[in-house]
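Okay, so here's the structure we're looking at.
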Protein chains: 2
Amino acid sequence: MYQSRLLSTTWREAPADAEAVSHQLMLRAGLIRQLAAGIYTYMPLGRRVLRKVEHIIREEMDRMGAQELYMPAMQPAELWKESGRFFDYGPELIRFQDRHNREFALGPTHEEVITTLVRAEINSYRRLPLTLYQIQTKYRDERRPRYGLLRGREFLMKDAYSFDIDGDGLDRSYWQMHEAYKRIFSRCGIRFRAVEADAGTIGGDGGTHEFMALADIGEDTIAACTHCDYAANLEKAEPGPSKDKAKGAPDDAPALEKVHTPGIRTIDELAAFLQIGPKECIKTLVLKVDQQLAAVVLRGDHELNVLKVKHYLQANEVTLAEPEEVLRATGVPVGFLGPVNQSLPLLIDRTAADMVTAVAGANESDYHYRHVRLWLDIADHSVGDFRNVTEGEHCSRCAEGTLTFHRGIEVGHVFKLGTRYSEKLGARFLNASGQEQSFVMGCYGIGVSRILSAVVEQHHDETGIIWPMSIAPYQVHLIPISIKNEHQMGAAHDLYTRLQSMGIEALLDDRDERPGVKFKDADLIGIPIRIVIGKDAEQGMVEYTERRRLQKESQRIEEAVERIRQTITT
Amino acid sequence: MYQSRLLSTTWREAPADAEAVSHQLMLRAGLIRQLAAGIYTYMPLGRRVLRKVEHIIREEMDRMGAQELYMPAMQPAELWKESGRFFDYGPELIRFQDRHNREFALGPTHEEVITTLVRAEINSYRRLPLTLYQIQTKYRDERRPRYGLLRGREFLMKDAYSFDIDGDGLDRSYWQMHEAYKRIFSRCGIRFRAVEADAGTIGGDGGTHEFMALADIGEDTIAACTHCDYAANLEKAEPGPSKDKAKGAPDDAPALEKVHTPGIRTIDELAAFLQIGPKECIKTLVLKVDQQLAAVVLRGDHELNVLKVKHYLQANEVTLAEPEEVLRATGVPVGFLGPVNQSLPLLIDRTAADMVTAVAGANESDYHYRHVRLWLDIADHSVGDFRNVTEGEHCSRCAEGTLTFHRGIEVGHVFKLGTRYSEKLGARFLNASGQEQSFVMGCYGIGVSRILSAVVEQHHDETGIIWPMSIAPYQVHLIPISIKNEHQMGAAHDLYTRLQSMGIEALLDDRDERPGVKFKDADLIGIPIRIVIGKDAEQGMVEYTERRRLQKESQRIEEAVERIRQTITT
């Protein structure tokens with residue numbers, strides 16, 4: 001491609017509302033243009049990257065035996081009413097009526113369509129397992145679209161759905177897809193972790209992973225082991241075993257001691273007042289669990305994980321109780337609550353339960369107890385995991401690693417649906433004994449357009465994007481210093497033709513611009529290999545630069561071509 | 001692909017509402033499934049065909065230097081209001097509001113989006129010409145969706161837009177695209193004609209062609225020359241020169257003669273009554289042209305072409321006048337109108353004007369004239385082309401051919417837009433003299449999903465589809481007669497693996513079905529080459545069949561492989 005003809009305009013500055021680096025760079029490099037909030041046009045360079053990502057995804061899907069189909073974006077509302085999601089989905093679901101006043105939704109996902117399709121097509125276990133996928137535009141009316149392609153309203157997704165006879169089959173399909181996803185993200189040059197995520201009320205048995213591209217802009221926190229490959233979302237991550245196991249502590253510990261702590265309400269104040277660490281205190285929080293109150297006890301330095309409490313109690317809704325509610329129910333003002341003689345049902349976090357002794361509220365205004373022994377002194381209580389893990393604590397899966405925290409962008413998601421949709425939509429097949437049975441399903445997504453943002457977040461420097469070779473819009477950038485110089489242009493055209501004949505994609509900067517402008521644009525666009533054709537072209541010499549390192553090396557044209565070939569094919 | 005795993009169910013019968021053969025066959029072969037009226041899922045076999053068509057289109061677009069981009073389907077209503085089409089487009093434009101009550105349209109086409117995009121990106125003639133394209137889903141809320149993919153509400157299109165400095169540039173871009181379209185349709189195996197079409201009030205100078213796939217189901221009539229490549233839509237087709245040129249007729253023709261023709265109102269009645277041919281009569285029709293009345297004179301056997309009258313008079317609206325209006329304005333009942341002493345403005349069709357003499361209404365109830373000489377006796381009138389061409393008449397472009405009529409499906413359209421959109425949307429660039437100038441645009445469409453229907457309309461027999469090799473879902477169908485026979489299955493797998501290693505796409509029918517069922521399905525699905533592996537497999541023999549001819553030939557496996565290779569690569 002000749003750059004003078006390419007629809008690509010670079011910008012010196014990104015607009016002020018582009019917060020994410022990837023959003024800024026993709027606008028500045030002319031890869032995307034905004035049409036409306038969260039709605040983008042992919043310009044020729046961006047489209048090329050997108051197509052390469054699509055190609056990698058197709059190869060890996062086909063390799064695992066998934067079949068491609070293509071479903072409509074216009075979906076009859078009745079389908080969504082049948083599954084119960086038409087109202088549940090809320091304002092993110094775009095709805096409209098056709099000319100005959102029939103209601104439609106613009107698909108944000110395709111569980112309803114695919115389940116009813118398979119319901120009509122497959123009636124025997126003999127035709128299972130089956131995995132179907134599509135690469136298709138999705139619609140989600142985000143309340144606050146932002147970060148460019150990271151949170152858009154119209155975006156490209158690969159969505160896949162597996163249909164199996166039973167849980168074991170689903171397991172196989174799920175892990176096959178899991179492996180395919182690992183290959184896809186690796187091939188796109190993404191540093192990622194497959195992270196255990198919370199399956200909500202649907203999945204159970206840990207049947208969901210999120211594939212998180214590691215990046216500071218990421219909206220999710222991931223806890224990952226330094227040693228093994230355990231990684232989980234903060235809401236799901238499990239703490240390792242405590243170091244101080246209280247059970248072995250001496251029986252002759254000092255007895256409870258009430259301390260006057262006037263106006264001391266927070267853990268920090270308490271620790272300072274008593275000149276101890278927050279780790280030696282415990283805090284007691286009151287939660288509203290489906291209209292009932294319950295108290296949760298945590299070590300002073302730990303954070304509550306509401307989701308874990310919710311799952312433990314199999315509750316529908318768990319929130320922090322208001323101070324007035326707490327006072328009304330217990331007679332104790334917030335800040336002086338404690339586990340000793342607590343009238344509310346008591347949940348003790350496992351790490352707190354393992355403390356030998358602790359300082360805790362005395363359930364009396366302006367008083368705390370020293371020497372509380374949760375494992376000895378408290379009668380009725382449940383022990384469980386009710387807190388977020390902390391950075392640096394032991395991994396729950398291996399003996400050697402500790403947890404580190406990362407920020408991540410979700411680029412993929414695999415999910416065991418089970419029979420949630422097949423039961424609601426009556427999608428059944430005849431099993432080997434001739435009985436009707438609901439399909440056991442999995443669903444799997446990749447944010448195709450999101451991958452572009454994730455890659456740019458991970459691969460850039462202060463001057464611009466650094467594309468991985470596998471998805472670069474072009475592989476080689478040819479830059480003659482002066483287009484008026486015949487030798488330079490001759491050599492550039494020659495190189496262009498040769499690379500083309502080798503199946504290598506080159507962009508030739510034939511624009512009548514100063515070299516500084518050309519280099520700045522080249523840095524910004526980020527094509528992996530750059531060949532500068534300057535005054536030495538007459539002597540058959542060019543400058544070879546990798547975008548990654550920006551180190552210039554003078555080379556004979558022949559050698560440069562060979563080096564390009566080797567770099568691309570390996 | 002193993003057919004037992006393929007999501008493909010064949011139907012014995014098509015549903016009653018599937019009128020078109022292509023619609024019936026595509027449903028029966030399991031290529032598409034309907035989700036709602038005019039909205040289809042492409043099943044794996046259909047998706048494969050679609051992808052091959054997309055691939056051919058991309059190759060030809062890239063070859064002509066067009067650049068691919070990807071624009072959103074969600075388009076802000078403001079854009080459509082700026083161009084004036086938000087209200088003009090009517091109920092076919094799908095509209096909805098987002099969560100903030102902003103109005104959007106689902107794009108049926110992208111002139112607005114691309115014109116404002118290029119307006120923002122390109123400011124100098126140096127960066128022109130520019131041709132951009134996308135392959136993207138379009139939405140059009142058809143009043144009566146039908147014929148499967150031929151008239152859908154959600155469909156795949158390739159749309160392209162060219163931007164030039166001037167009319168000459170547009171001309172070059174237009175004809176380049178025209179050539180690319182010819183290659184695309186040829187490569188897809190479509191028999192088509194590039195047909196001159198009516199440019200409406202936009203284009204002028206014949207700047208639009210429709211690419212029509214010839215098929216009986218087609219909704220448009222095409223007149224095409226038997227000798228040269230002239231072809232035009234009926235509404236646009238121009239008649240050739242008349243045989244009988246009146247101008248050379250004798251001056252001593254008989255004088256006007258009034259004939260009593262009681263109750264004779266139609267041409268057929270008149271011809272029968274006078275025992276002459278309809279060709280010897282003329283008919284006079286009264287039209288309402290933007291609220292004024294005018295009379296048009298045609299030869300008795302010809303049909304009025306309203307569009308031609310409309311263009312000739314540069315009118316906004318032309319309709320047939322009601323009989324009462326005619327009587328009120330002329331005092332003459334319909335049936336007895338004529339050109340002699342006609343008070344209304346008079347338009348005479350060229351072929352009528354060339355008649356030596358004719359029979360015509362006398363502008364008096366129950367009377368006609370014989371020996372009307374339009375070229376001599378009528379004072380004020382205009383002569384022009386106001387009729388449809390008829391089958392068998394002379395071609396207007398060559399001396400030798402005559403016109404034949406065909407039905408056609410529009411699969412592509414190229415159109416010179418000129419500055420219609422760039423002016424409305426203020427899209428300008430600086431020309432070589434530094435002056436502002438509007439982009440001169442062309443727009444070009446291909447109905448990607450429609451191509452599937454057109455191909456099936458043209459390539460089928462009574463048992464099913466016959467795919468052209470270039471877009472067949474698979475190239476070879478391997479059918480072992482009995483999957484329980486080890487020799488047969490061994491040979492089949494062996495062949496499958498060998499073809500795969502040669503890059504040839506094979507579908508292996510490993511289903512436990514009777515041979516009759518397998519053959520019926522194979523006929524229906526229509527893969528071009530079929531290899532049946534039966535009991536002779538033990539002797540290294542298979543049956544080679546082309547779907548096109550359904551003639552079985554026994555062949556050695558080696559020879560069959562070689563023949564497949566040759567058939568596919570040539």
Side-chain angles (χ1 to χ4, degrees), chain A residues 1 4-9 30 33 35-37 39-44 46-48 50-51 65 67-76 79 91-92 94-99 102 104 106 113-114 116-118 120-122 126-127 129-130 132 134 136-137 139 141-143 153-154 156 512, chain B residues 1 4-9 30 33 35-37 39-44 46-48 50-51 65 67-76 79 91-92 94-99 102 104 106 113-114 116-118 120-122 126-127 129-130 132 134 136-137 139 141-143 153-154 156 512:
Chain A
M1 184 75 200
S4 64
R5 286 281 161 267
L6 183 69
L7 180 65
S8 151
T9 316
R33 289 292 180 252
L35 177 62
I39 301 173
Y40 291 87
T41 291
Y42 298 84
M43 303 290 279
R47 183 69 182 117
R48 289 182 73 90
L50 202 59
R51 297 242 319 127
Q67 296 172 52
E68 184 175 359
L69 40 57
Y70 195 62
M71 292 178 275
M74 266 179 84
Q75 303 182 5
L79 264 186
E92 282 188 10
I94 295 176
R95 298 142 209 258
F96 63 93
Q97 299 194 326
D98 73 1
R99 64 196 294 157
R102 277 185 224 106
F104 281 87
L106 275 184
V113 176
I114 198 100
T116 48
L117 181 78
V118 170
E121 300 292 322
I122 304 279
R126 282 204 190 81
R127 297 181 61 193
L130 178 70
L132 303 165
Q134 63 174 348
Q136 200 248 13
T137 302
Y139 299 86
D141 200 357
E142 292 279 353
R143 198 173 56 81
R153 297 200 285 174
E154 174 170 340
L156 205 61
D512 188 10
Chain B
M1 183 78 201
S4 63
R5 286 280 160 269
L6 183 70
L7 180 66
S8 153
T9 317
R33 289 293 180 252
L35 178 62
I39 302 175
Y40 291 87
T41 292
Y42 298 84
M43 303 290 279
R47 183 69 183 118
R48 289 181 73 92
L50 200 61
R51 297 240 322 128
Q67 297 171 51
E68 184 175 0
L69 39 58
Y70 195 62
M71 291 179 276
M74 265 180 85
Q75 303 182 7
L79 265 185
E92 284 190 9
I94 295 176
R95 298 143 209 256
F96 62 93
Q97 299 195 324
D98 73 0
R99 64 194 295 157
R102 278 186 223 105
F104 281 86
L106 274 185
V113 176
I114 199 102
T116 49
L117 181 77
V118 170
E121 300 290 322
I122 303 278
R126 282 204 190 82
R127 297 180 61 190
L130 178 69
L132 302 166
Q134 64 174 349
Q136 201 247 12
T137 303
Y139 298 86
D141 200 357
E142 292 280 354
R143 199 172 55 80
R153 297 200 286 173
E154 174 170 341
L156 205 60
D512 188 9

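Just so it is clear: chains get the letters A, B, ... in the order the sequence lines come, proteins before strands, and each one is counted from 1.
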Is B:I94 in contact with chain A via its backbone, its side chain, both, or neither, using a 4.5 Å heavy-atom distance? side chain
Considering non-hydrogen atoms only, spot the tightest contact between A:P44 and B:Q67 and give its length. CG-OE1, 3.5 Å
Find the one option among A:I122, A:D98, A:L50, A:L106 whose heavy-atom pairs under 4.5 Å with chain B are most numerous. A:D98
Against chain A, label B:L130 side chain, backbone, both or neither, depending on which of its atoms sit under 4.5 Å from a heavy atom there. side chain
Considering only heavy atoms, which portion of B:T116 lies under 4.5 Å from any heavy atom of chain A: side chain, backbone, both, or neither? neither
Between A:M43, A:E68, A:M71, A:E92, who has the most heavy-atom pairs with chain B when the cutoff is under 4.5 Å? A:E68
If you tally heavy-atom pairs under 4.5 Å between each of B:Q75, B:R153, B:Q97, B:R51 and chain A, the highest tally belongs to B:R51
For B:A120, is it the side chain, the backbone, both, or neither that has a heavy atom closer than 4.5 Å to a heavy atom of chain A? neither
If one checks every heavy atom of B:L6 against chain A at 4.5 Å, the contacting part turns out to be both
Tell me the closest heavy-atom pair linking B:F96 and A:R95, and the distance in Å. CB-O, 3.9 Å
Using non-hydrogen atoms and a 4.5 Å limit, figure out which bit of B:R127 sits close to chain A: side chain, backbone, both or neither. both
Name the member of A:Q134, A:R48, A:E142 that forms the most heavy-atom pairs with chain B at distances under 4.5 Å. A:E142
Salt bridge or not between B:D512 and A:R126? Use side-chain N to carboxylate O under 4.0 Å. no
If you define the side chain from C-beta out and look only at heavy atoms, does anything of B:Q136 sit under 4.5 Å from A:T137? no
Heavy-atom side-chain contact between A:L35 and B:M74 under 4.5 Å: no
What part of B:Y139 gets within 4.5 angstrom of chain A, counting heavy atoms only: side chain, backbone, both, or neither? side chain
Pairwise side-chain contact, A:E121 with B:L7, heavy-atom cut-off 4.5 Å (strictly under): yes
Per-residue contact mode, B:E154 against chain A (heavy atom under 4.5 angstrom): side chain
Among the options B:Y40, B:Y70, B:Y42, pick out the one with the most heavy-atom pairs lying under 4.5 Å from chain A. B:Y70
Based on non-hydrogen pairs under 4.5 Å, which of A:G30, A:P72, A:S8, A:G65 is most in contact with chain B? A:P72
Using a 3.5 Å distance criterion without hydrogens, assess whether the side chain of A:R33 forms a donor-acceptor pair with backbone atoms of B:L117. no
